[in-house]
Amino acid sequence: MNFLELAQTRRSLRTYQDKPVEKEKLEYVLECARLAPSWKNMQCWRFIVVNDAAGRAAMAESMGESNPGRKALTSAPIVIVLCAVPKESEVWEGKDNMMLDAGLAMEHLILAATEQGLGTCWQGLFTEEKVRTALNIPEDVRVVAMTPLGYAAEERRPRPRKAMSEIAFHGKWGQA
Ligand SMILES: Cc1cc2nc3c(=O)[nH]c(=O)nc-3n(C[C@H](O)[C@H](O)[C@H](O)COP(=O)(O)O)c2cc1C
């Protein structure tokens, strides 16, 4: 699979088979996340692999009832929780590089999972304090996002994207 095919294949998947993820695949996706670039190479990210039913249920419970991702967290065999250590990155000219760094590492993980035939779904709509309490995350660490990880039980349906002309300019802002 070339990179374009990988990008086309990755979709947010919200229902999962009752099938475990191989240990080698889990280690592979975490290794791909570990190699992500970061602000001053400070590597602010931390990942918590939640694979027990009670932990996954607590992650689902941290989400609003209307969140379509909620059921994904209990049906998938693994939930990966992305945390970030603020003192291991910096805000520069008002831009929060911690969130950028953490997001890059997570997207490495998500694309690696896609390559391995696994499904994922970014999850951002949760109550941070509920996750912090359930997983013993220290007060000075932020909980950034999470994703289910497993074999999907649904088709990968593409969602629309903006046209190229809306997002890519040439030479100067707004120029086609
Ligand atoms: C930072 C971030 C947070 C997200 N949070 C949620 C979420 O809480 N629940 C959910 O179901 N999907 C969530 N999504 C998935 C988006 O809705 C999804 O990526 C978007 O609709 C495009 O669909 P696709 O990923 O299938 O291409 C999130 C995505 C990102 C990047």
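These numbers come from a predicted model, not from an experiment. One is the number of the first residue; the rest follow in order along the sequence. First listed ligand is number 1; within each ligand, the first listed atom is number 1.
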Is the closest heavy-atom distance from [X] to ligand 1 below 4.0 Å?
X	answer
P68	yes
R157	no
R10	yes

Please state which protein non-hydrogen atom is closest to [atom] and give its distance, to 0.1 Å?
atom	result
atom 11 (O) of ligand 1	R14 NE, 2.8 Å
atom 3 (C) of ligand 1	G124 N, 3.7 Å
atom 6 (C) of ligand 1	W122 O, 3.1 Å
atom 20 (C) of ligand 1	R159 NH1, 4.0 Å
atom 25 (O) of ligand 1	S12 OG, 2.6 Å

Backbone N or O of [Y] within a donor-acceptor pair of the [X] side chain at under 3.5 Å?
X	Y	answer
Y16	T74	no
K25	A113	no
S12	C121	no
R56	A76	yes
E154	T15	yes
E128	V143	yes
N97	L100	no

Would you say [X] has any N or O atom under 3.5 Å from an N or O of ligand 1, going by distance alone?
X	answer
C121	no
M63	no
N67	yes

Please walk me through it: do N41 and Q43 pass side-chain hydrogen bond (donor to acceptor under 3.5 Å, both in side chains)? CA-CA 6 Å; N41 198 23; Q43 303 159 62; 3.0 Å; yes
Ligand 1 versus R161: contacting region, heavy-atom distance under 4.0 Å: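 For R161, only side-chain atoms sit under 4.0 Å from ligand 1.
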Taking only Lys NZ, Arg NE, NH1 and NH2, and the carboxylate oxygens of Asp or Glu, determine whether E88 and R46 approach each other closer than 4.0 Å.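 Yes, this pair counts.
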Of all the atoms in ligand 1, which lie at a distance below 4.0 Å from a heavy atom belonging to [X]?
X	result
G69	11 (O)
Q123	5 (N), 6 (C), 7 (C), 8 (O), 9 (N), 10 (C), 11 (O)
L125	8 (O)
R11	26 (O), 27 (O)

So which heavy atom on E155 is nearest to which on L13, and how close?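 Minimum heavy-atom contact is O-CD2, 3.9 Å.
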